[in-house]
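This structure is in structure tokens; I'll ask about it shortly.
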Amino acid sequence: MTPGTMATFDEHLKNEGDAVERSGTRVRARLSRAWWAAFVVVPLVLGAAAAFLGKSSIESNLQQRVERSVAGTGVAQVSVSVDGRDVTAVVPARSGNDAIDSVRDAASHVDGVRTVKVHR
């Protein structure tokens, strides 16, 4: 190609080093590996970050709501832990079965709780 003349599409792609695929009269440039990696890696990283960062805030919110609900039962010194949507409550050893049942009922009626385990 001489200076000042316009390159054809084929010449341009040839000079750029891109892969070209001909299909009848249509010419398609294939995506490079970097683009394919970006299409796969970026969504995976964003999804993992959202899952990791969102999980702790959801669990802490659920734990606060369960603790408020359990506090309404009148049972003192109840320890509540949350793993995902599963709640584990530990009541004092001197608590009776009625206290255990009331803590279990209060925790299980909180929206978002899947299972409740109550231990002494």
Side-chain angles (χ1 to χ4, degrees):
M1 185 172 81
T2 61
T5 60
M6 193 130 185
T8 65
F9 183 70
D10 288 336
E11 289 172 344
H12 176 72
L13 287 178
K14 185 175 164 186
N15 292 336
E16 294 296 316
D18 291 337
V20 177
E21 182 179 306
R22 285 196 175 269
S23 173
T25 58
R26 300 180 75 189
V27 177
R28 260 188 324 182
R30 287 187 242 151
L31 293 175
S32 67
R33 289 184 182 169
W35 281 108
W36 283 110
F39 289 143
V40 173
V41 172
V42 170
L44 286 176
V45 169
L46 291 176
F52 178 73
L53 296 174
K55 182 180 178 184
S56 63
S57 66
I58 292 171
E59 285 180 353
S60 64
N61 179 287
L62 184 59
Q63 182 168 353
Q64 290 172 358
R65 291 186 292 129
V66 169
E67 286 172 347
R68 275 192 302 247
S69 179
V70 168
T73 64
V75 180
Q77 299 176 345
V78 177
S79 171
V80 175
S81 64
V82 176
D83 182 23
R85 294 176 41 207
D86 302 329
V87 174
T88 302
V90 179
V91 298
R94 65 185 183 281
S95 300
N97 289 337
D98 291 340
I100 292 173
D101 291 340
S102 64
V103 167
R104 182 179 293 115
D105 289 341
S108 65
H109 285 93
V110 174
D111 190 34
V113 173
R114 179 176 38 203
T115 62
V116 178
K117 295 178 185 175
V118 181
H119 304 284
R120 288 186 197 185

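Counting begins at 1 with the first residue of the sequence.
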Val80: which other cluster members, linking ILVMFWY side chains closer than 4.5 Å, directly or transitively?
Leu62, Val66, Val70, Val75, Val78, Val82, Val87, Val91, Ile100, Val103, Val110, Val113, Val116, Val118

Can you name the residues that form a salt bridge (charged side-chain N to carboxylate O under 4.0 Å, His left out) with Arg104, not counting sequence neighbours?
Asp101

With under 30° as parallel and over 60° as perpendicular, where do the rings of Phe39 and Trp36 fit, or are they tilted in between?
perpendicular

Going by salt bridge (charged side-chain N to carboxylate O under 4.0 Å, His left out), name the residues that satisfy it together with Asp105, two or more places apart in sequence or in a different chain.
none

To the nearest 0.5 Å, atom NE2 of His119 lies from atom OG of Ser95 at 14.0 Å

Excluding sequence neighbours, so at least two apart, what forms salt bridge (charged side-chain N to carboxylate O under 4.0 Å, His left out) with Arg33?
none

Give me the other members of the hydrophobic cluster that Val40 sits in, counting Ile, Leu, Val, Met, Phe, Trp and Tyr linked by side-chain heavy atoms under 4.5 Å, directly or via other members.
Leu44

Side chain Arg65, main chain Asp111, donor-acceptor under 3.5 Å
yes

Closest heavy-atom pair and its distance - Pro43, Ala38
CD-O, 3.6 Å

For Arg114, does the CZ atom have more than 12 heavy-atom neighbours from other residues, nucleotides or ligands under 6.0 Å away?
yes

Scan side-chain atoms only and decide if Glu59 and Gln63 contain a donor-acceptor pair under the 3.5 Å cut-off.
no

Under the rule for side chain to side chain donor-acceptor pair (under 3.5 Å), what residues qualify as partners of Arg120, not counting sequence neighbours?
Asn97

Shortest non-hydrogen separation from Ala76 to Pro92 and the atoms involved:
O-CG, 3.3 Å

CZ of Arg85 to CD1 of Ile58: how many Å apart, nearest 0.5 Å?
10.5 Å

Is Thr73 reaching over with its side chain to a backbone N or O of Ser102, donor-acceptor style, under 3.5 angstrom?
no

